[in-house]
Amino acid sequence: MSGTSIGCDGGNSLIRKRAGIGFPGGTDDVVDRSALIGPSERIRFLPGRRVVIDGLGEIPAMFHRTEKGVFSLLAHDPRRPLVNTAEWEERPAGDFPGPGAPMTLTEMEDSVERVIGVRLPLNPPPEGAPTLLRRLCRRNYRQADRYRHGRVFLAGDAAHVSHGPTLNAALQDVANLAWKLAAAVRGWAAEGLLESYETERHAAGERVLTQTRAASALLAPGTGITALRRLFAELLRSTENVHMIAAAMAGADVRHDMGEAHPAAPTGWFVPPLDLTTGDGRTRRLAELLRDARPVLVDLTGGNGLAATVEPWLDRVRHVAGVADAAPAPAPLIRPDGYVAWAGADPGGLKTALARWFGAG
């Protein structure tokens, strides 16, 4: 793998450009403004992420949508709260980053007034405290047309950018790619293992962009969007729908193809939390067992059949026997990136999965 390049150098990735990898997508005319401000007698923060603003009343501190835009006021530090607005503007007053008028507190006040309908004088942060005046014009939604070109791989913002919670997607990109590259370097990577990175993570990236674009659209102004939000709120009264949306936001709603025609229920999904009690009486979280980035076979069968099957792979796969409540399967085989490669109790099925994902035994 000498000469391999990993493009984790952001949305303007030089590695991606030099590899000639396309970055198609689109841009929305949204202007995001942010400012750190000082304390104000007209602003009072309440428990439960609520805030009271004189002339407006009590609103959520996060994502208060109006027909003019979105407003938020975050009090991570009450001495210098962070105020944000989002407005759908075709021709914003400035252009940052790049040439244009510098951001000012007066511009922030004007934006707040347009969005919430109240003029809110904004004080600068206390002397010596960090400051922030930022204007970001337009939101990009782009995804690389491929995540691999020869020995060049892309991950994170170099592979996909959007306005939303894409950190989980970036971390999963890296976790997925890292163990597969390590397997290739160490000489035990199965045929097609590196190719599976692009197959799996490109599909996941498409899903993230779909989710973040939909969430952004639901914050946009307009009576049509308001009607859509009311309908969406009704759908979220269903617990099943809430779980579905939560999984989409976390990037955990993609099931990878693990090569089985009829996989067991947890196969292909990100492994759920599990507390395992081992033979020495210790109870361990599954995350602890995955900490050293090795594959793990969690054997809850109570027999020796799977232990004998996994023995030729013990130089790269950890075998942990024990008992657990509410286990997703008798014995899940978990990849280093946290996805279930196989689940069941059949030694033959386990042997096939071990060879497919972790090379010859």
Side-chain angles (χ1 to χ4, degrees), residues 1-27 140-162 164 166-213 251-260 268 270 290 292-295 313 315-317 333-342 352-361:
M1 295 301 294
S2 61
T4 297
S5 296
I6 312 299
C8 296
D9 50 340
N12 291 316
S13 171
L14 179 63
I15 291 176
R16 185 189 65 238
K17 294 173 182 177
R18 290 196 170 178
I21 298 175
F23 204 42
T27 301
N140 287 316
Y141 299 88
R142 299 185 180 279
Q143 184 180 25
D145 53 27
R146 57 193 187 278
Y147 283 14
R148 181 184 183 182
H149 179 73
R151 292 180 177 271
V152 176
F153 296 83
L154 301 180
D157 285 355
H160 46 77
V161 294
S162 67
T166 55
L167 178 59
N168 278 2
L171 291 174
Q172 289 196 42
D173 289 346
V174 173
N176 188 300
L177 178 58
W179 77 267
K180 295 173 181 178
L181 283 174
V185 169
R186 293 172 180 172
W188 55 260
E191 184 179 356
L193 183 65
L194 284 177
E195 286 74 10
S196 71
Y197 168 70
E198 180 179 68
T199 301
E200 294 177 353
R201 294 311 303 163
H202 197 279
E206 287 181 338
R207 185 64 177 167
V208 169
L209 261 66
T210 296
Q211 185 271 321
T212 55
R213 293 215 68 180
D253 65 331
V254 173
R255 188 181 193 182
H256 295 322
D257 181 2
M258 296 298 175
E260 292 185 86
F270 196 78
L290 292 169
D292 62 356
R294 292 180 62 193
W313 283 268
D315 61 326
R316 70 205 76 153
V317 179
L333 176 64
I334 306 165
R335 305 190 321 189
D337 58 354
Y339 282 82
V340 179
W342 172 87
T352 299
L354 287 165
R356 177 183 296 121
W357 292 107
F358 310 120

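- In this structure, Val161 and Gly11 approach most closely via the heavy-atom pair CG1-CA, 3.7 Å.
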side-chain contact (heavy atoms from CB on, under 4.5 Å) evaluation trace for Phe358 with Arg335: CA-CA 9 Å; Phe358 310 120; Arg335 305 190 321 189; 4.2 Å; yes

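- Taking the centre and axis of the six-membered ring of Phe23, the NZ or CZ atom of Arg16 falls inside the cone set by 45° and 6.0 Å.
- When all heavy atoms of Arg201 and Asp173 are compared, the closest pair comes out as NE-OD1, 2.7 Å.
- For the pair Asp337 and Phe270, the minimum side-chain heavy-atom distance is 4.5 Å or more.
- Closest approach of Leu177 to Ile6, counting heavy atoms only: CD2-CG2, 4.0 Å.
- In this structure, Arg148 contributes its side chain and Gly150 its backbone to a donor-acceptor pair below 3.5 Å.
- His202 places a side-chain heavy atom less than 4.5 Å from the side chain of Gln143.
- Expressed to the nearest 0.5 Å, how far OH of Tyr339 lies from CG of Asn176 amounts to 8.0 Å.
- Tyr147 and His160 have tilted rings, their planes meeting at an angle from 30° to 60° on a 0 to 90° scale.
- The OG atom of Ser13 sits 10.0 Å away from atom CG of Asp157, with the distance rounded to the nearest 0.5 Å.
- With hydrogens and angles ignored, the 3.5 Å screen pairs a side-chain donor or acceptor of Thr210 with a backbone N or O of Glu206.
- When all heavy atoms of Thr27 and Arg142 are compared, the pair lying nearest together is OG1-NH2, 3.7 Å.
- Atom CE in Met258 sits 8.5 Å away from atom OG in Ser196 (nearest 0.5 Å).
- The shortest distance between side-chain heavy atoms of Thr199 and Asp257 does not fall below 4.5 Å.
- Closest heavy-atom contact between Val174 and Ala155: CG2-CB, 4.4 Å.
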Derivation and outcome, side-chain contact (heavy atoms from CB on, under 4.5 Å), residues Trp313 and Trp357: CA-CA 11 Å; Trp313 283 268; Trp357 292 107; over 6 Å; no

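- With hydrogens and angles ignored, the 3.5 Å screen pairs no side-chain donor or acceptor of Asn140 with any backbone N or O of Gly25.
- Both cation-pi conditions hold for Arg213 and Tyr141: the charged atom is under 6.0 angstrom from the six-membered ring centre and inside a 45 degree cone around its axis.
- Rounded to the nearest 0.5 Å, atoms CG (Leu194) and CZ (Phe153) are 4.5 Å apart.
- Taking CD of Glu195 as the reference point, atom NZ of Lys180 lies at 10.0 Å (rounded to 0.5 Å).
- Note that CD1 of Ile21 is 4.0 Å distant from CG of Leu154, once rounded to the nearest 0.5 Å.
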Audit row: Val254, Val208, side-chain contact (heavy atoms from CB on, under 4.5 Å) steps and yes/no: CA-CA 10 Å; Val254 173; Val208 169; over 6 Å; no

side-chain contact (heavy atoms from CB on, under 4.5 Å) evaluation trace for Asn12 with Lys17: CA-CA 8 Å; Asn12 291 316; Lys17 294 173 182 177; 4.2 Å; yes

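- Here the closest non-hydrogen pair linking Ala158 and Ala144 is O-CB, 4.4 Å.
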